[in-house]
Amino acid sequence: MHGEAGRWSTADHLLASAVELLAGANWQRGGGKGGKPKPLPRPDARAEKRRREYVGRLQRLGLIKEG
């Protein structure tokens, strides 16, 4: 995995999936009362690209050092 997604290990991804499944199962066993659980935010490859572009602009303007 590359970019932002690379910041999460395989174990991190598996744990997030397990947490989501458990939250959904608990919600279902509770009769679906309350709001349905939302998925955990996952790394976004687009966010990594935007971050690199932003850092590149700052470097070209001389506001931050390169490297």
Side-chain angles (χ1 to χ4, degrees):
M1 298 175 109
H2 303 284
E4 181 81 16
R7 294 181 185 180
W8 279 30
S9 69
T10 301
D12 294 332
H13 283 283
L14 290 171
L15 284 170
S17 295
V19 167
E20 288 174 349
L21 289 170
L22 287 170
N26 287 334
W27 174 77
Q28 202 172 30
R29 278 192 296 274
K33 295 179 181 164
K36 187 173 181 179
K38 292 186 170 51
L40 295 171
R42 300 288 168 81
D44 183 5
R46 292 173 298 181
E48 177 65 18
K49 181 180 177 189
R50 285 190 305 266
R51 185 193 69 77
R52 277 183 296 176
E53 290 172 352
Y54 182 69
V55 168
R57 275 188 244 129
L58 292 175
Q59 288 171 342
R60 284 190 300 276
L61 292 170
L63 297 174
I64 60 174
K65 292 181 183 179
E66 292 187 32

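Among all heavy-atom pairs drawn from Q59 and K65, the shortest one is NE2-O, 3.6 Å. The two residues A23 and P37 come nearest to each other via the heavy atoms O-CG, 3.5 Å.
Summarising the geometry, atom CG belonging to L40 is positioned 10.5 Å from atom CG belonging to L15; distances are rounded to the nearest 0.5 Å. For the atom pair CG of L22 and CZ of R29, the computed distance is 8.0 Å after rounding to the nearest 0.5 Å.
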